[in-house]
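First up is the structure itself, then whatever we jot down about it.
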Amino acid sequence: MATLTIPPVLSSPRDDAMHLYKAFKGFGCDTSAVINILAHRDSSQRALIANEYKAMYSEELTKRLSSELSGNLKKAVLLWMPDPARRDAVILYEALTTDIDLKAATEVICSRTPSQIQHLKQLYHALHGTYLEHAIQAQTSGDLGQLLLAYLSTPRSEGLEVDRTMVDHDAKALYKAGEKRLGTDEKTFRIIFSGRSRAHMAAVSSAYHSMYGSTLKKAVKGETSGNFEHALVTILQCAENPGQYFAKVLHRAMKGLGTNDKTLIRVIVTRTEIDMQYIKSEYHKKHHKSLHDAVHSETSGHYRTFLLALLGPNQH
């Protein structure tokens, strides 16, 4: 469930564009007015506003936002403007070419559904004139590279049906490939994790636990390491409980000294229109503190206002 709150009586995209232009005009930008509009419009509404703005003022809205805003607020608003698939393409291009961040690239690829991945791959090519697979080959190697490439290309069902025989077979194969032997057969992990549906992986995890008394996640962590481990854990946790997975990512971004704003922005912006309600609820369940309060204490100014607007009302 999304946390985006849209006013019950909505102004037209044309009116929104005019209000934004007014907010930019004169000395300094009326940042509160900009946040008030953009943080309360869904992706199709934001696209219409951008079209109207360009038609009326012969300038790209994102270009104007880029020159009017600064710092983390600018990064968050510019990432918020595109639709989800285009946004993922932007994040991946940056993570694989300009500001290398394999952890972020792995998170985005391994937490998306097969249909989201298809759309994202097409857009990546259309926007950047190069294939996502080529960017991955250039930046990764070994098990991580092979897993990501397989995850991008293997068709997987998005339905809830599972084949119990196949589930038991996979649970046994993973046990044989990991905990049962000395060393790890990474290939078996790659094939199963990249080739099975979310419903199937959740069932495998449950079968593994009842067969061997320990969790599949623990086996993955014990048998693998680095970004390959991160990819497998992401696939597994997003199959079982994506809300819990992203609550953990957000907690890590805010834990300790300093805040990883890049991760905070990426997760809040990409999940607001998808499942942020579940993430908030999982965060509260685990940390006995609302995500809203955590973000409030780690951020400040207009940047804080914008993120909290996306998170919606402070309820668990």
Side-chain angles (χ1 to χ4, degrees), residues 88 92 95-96 102-122 124 131-242 244-245:
D88 281 350
L92 284 171
L96 292 167
L102 292 182
K103 207 162 184 179
T106 300
E107 174 202 292
V108 169
I109 292 167
C110 296
S111 64
R112 301 310 189 245
T113 63
S115 47
Q116 285 170 333
I117 286 172
Q118 278 310 108
H119 193 186
L120 147 68
K121 276 164 50 176
Q122 290 161 356
Y124 190 95
Y131 291 101
L132 176 56
E133 290 87 342
H134 293 171
I136 287 166
Q137 280 168 331
Q139 290 303 336
T140 62
S141 58
D143 292 314
L144 175 70
Q146 289 176 323
L147 176 69
L148 292 181
L149 291 171
Y151 202 74
L152 286 173
S153 62
T154 313
R156 289 177 298 278
S157 158
E158 293 188 38
L160 296 175
E161 63 289 335
V162 292
D163 175 341
R164 297 306 320 177
T165 314
M166 184 83 159
V167 166
D168 290 350
H169 175 272
D170 282 350
K172 285 172 189 161
L174 288 168
Y175 182 70
K176 265 190 213 152
E179 291 188 298
K180 192 180 178 187
R181 57 175 281 167
L182 203 61
T184 310
D185 167 13
E186 286 89 357
K187 188 181 177 187
T188 298
F189 277 85
R190 285 200 319 267
I191 290 169
I192 292 174
F193 275 69
S194 66
R196 311 294 191 255
S197 72
R198 283 187 172 184
H200 182 93
M201 282 310 300
V204 168
S205 180
S206 167
Y208 192 97
H209 189 253
S210 49
M211 282 176 182
Y212 306 111
S214 63
T215 68
L216 180 54
K217 183 183 167 187
K218 202 171 168 186
V220 166
K221 283 178 164 287
E223 297 294 326
T224 60
S225 61
N227 283 321
F228 181 52
E229 176 200 317
H230 174 56
L232 295 174
V233 168
T234 301
I235 291 167
L236 184 59
Q237 288 204 288
C238 286
E240 294 183 297
N241 188 338
Q244 194 177 67
Y245 171 77

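Since the structure is predicted, the reported quantities are computational estimates derived from the model, not experimental observations. Only this structure's heavy atoms are used, side chains among them; waters, hydrogens and symmetry mates stay out.
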I would like to know whether Glu133 and Lys121 meet salt bridge (charged side-chain N to carboxylate O under 4.0 Å, His left out); could you show each step before the answer? CA-CA 9 Å; Glu133 290 87 342; Lys121 276 164 50 176; 3.6 Å; yes

Applying side-chain contact (heavy atoms from CB on, under 4.5 Å), run through Leu96 and Leu132 and close with a yes or a no. CA-CA 9 Å; Leu96 292 167; Leu132 176 56; 3.6 Å; yes

Let me see the working for Tyr131 and Gln137 under side-chain hydrogen bond (donor to acceptor under 3.5 Å, both in side chains), right down to the final yes or no. CA-CA 10 Å; Tyr131 291 101; Gln137 280 168 331; over 6 Å; no

Stepwise side-chain contact (heavy atoms from CB on, under 4.5 Å) test for Leu92 and Ile136: CA-CA 10 Å; Leu92 284 171; Ile136 287 166; over 6 Å; no

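Thr165 places none of its side-chain heavy atoms less than 4.5 Å from the side chain of His169. The shortest side-chain heavy-atom distance between Leu216 and His209 does not fall under the 4.5 Å cut-off. Between Phe193 and Leu174, some side-chain heavy-atom pair lies under the 4.5 Å cut-off. The shortest side-chain heavy-atom distance between His230 and Leu144 does not fall under the 4.5 Å cut-off. A heavy-atom distance below 4.5 Å is not found between the side chains of Asp143 and Lys187. Within the 4.5 Å cutoff, the side chain of Cys110 has heavy atoms near those of the Leu148 side chain. The shortest distance between side-chain heavy atoms of Tyr212 and Lys172 falls below 4.5 Å. For the pair Val167 and Asp163, the minimum side-chain heavy-atom distance is 4.5 Å or more.
Nearest heavy-atom pair across Ser194 and Leu147 is CB-CD1, 4.0 Å. Between Ile192 and Arg196, the shortest heavy-atom distance links the atoms O-CG, 3.0 Å. Across all their heavy atoms, Tyr208 and Ala219 have their closest contact at OH-CB, 3.5 Å. The shortest non-hydrogen separation linking Thr188 to Ala173 is CG2-O, 3.8 Å. Contact detail for Ser214 and Glu179: the closest heavy-atom pair is OG-OE1, 3.3 Å. Here the closest non-hydrogen pair linking Gly159 and Ala199 is O-CB, 3.6 Å.
A distance-only check finds no donor-acceptor pair linking the side chain of Lys217 to the backbone of Gln237 [under 3.5 Å]. Between the side chain of Thr184 and the main chain of Glu186, no donor-acceptor pair closer than 3.5 Å is present. Thr234 places no side-chain N or O within 3.5 Å of a backbone atom of Ser111 that could act as its donor or acceptor partner. For Gln116 (side chain) and Thr113 (main-chain N/O), a donor-acceptor pair under 3.5 Å exists by modelled atom type. A donor-acceptor contact shorter than 3.5 Å is absent between the side chain of Thr154 and the backbone of Tyr151. Side chain of Ser205 to main chain of Met201: no donor-acceptor pair is present (N/O by atom type, distance under 3.5 Å, no hydrogens or angles). Without hydrogens or angle criteria, Ser210 side chain to Ser206 main chain gives a donor-acceptor distance under 3.5 Å.
Checked against salt bridge (charged side-chain N to carboxylate O under 4.0 Å, His left out), Arg156 has no partners two or more places apart in sequence or in another chain. Every salt bridge (charged side-chain N to carboxylate O under 4.0 Å, His left out) that Arg112 has, sequence neighbours left out, goes to Asp88.
Going from atom CG of Leu102 over to atom CD of Gln139 covers 6.5 Å, rounded to the nearest 0.5 Å. Between the OG atom in Ser157 and the NE2 atom in His200 there is a gap of 11.0 Å [rounded to 0.5 Å]. Atom CG in Asn227 sits 11.5 Å away from atom CD in Glu107 (nearest 0.5 Å). Here the CG-CZ distance, from Leu236 to Phe189, works out to 10.0 Å after rounding to the nearest 0.5 Å. Atom-to-atom distance recorded for His134:NE2 and Leu149:CG is 9.5 Å, nearest 0.5 angstrom.
Residues Glu158 and Ser115 have side chains that bring a donor and an acceptor to within less than 3.5 angstrom of each other.
One finds no salt bridge joining Arg198 and Glu240 here, because no Lys/Arg side-chain nitrogen approaches an Asp/Glu carboxylate oxygen to under 4.0 Å.
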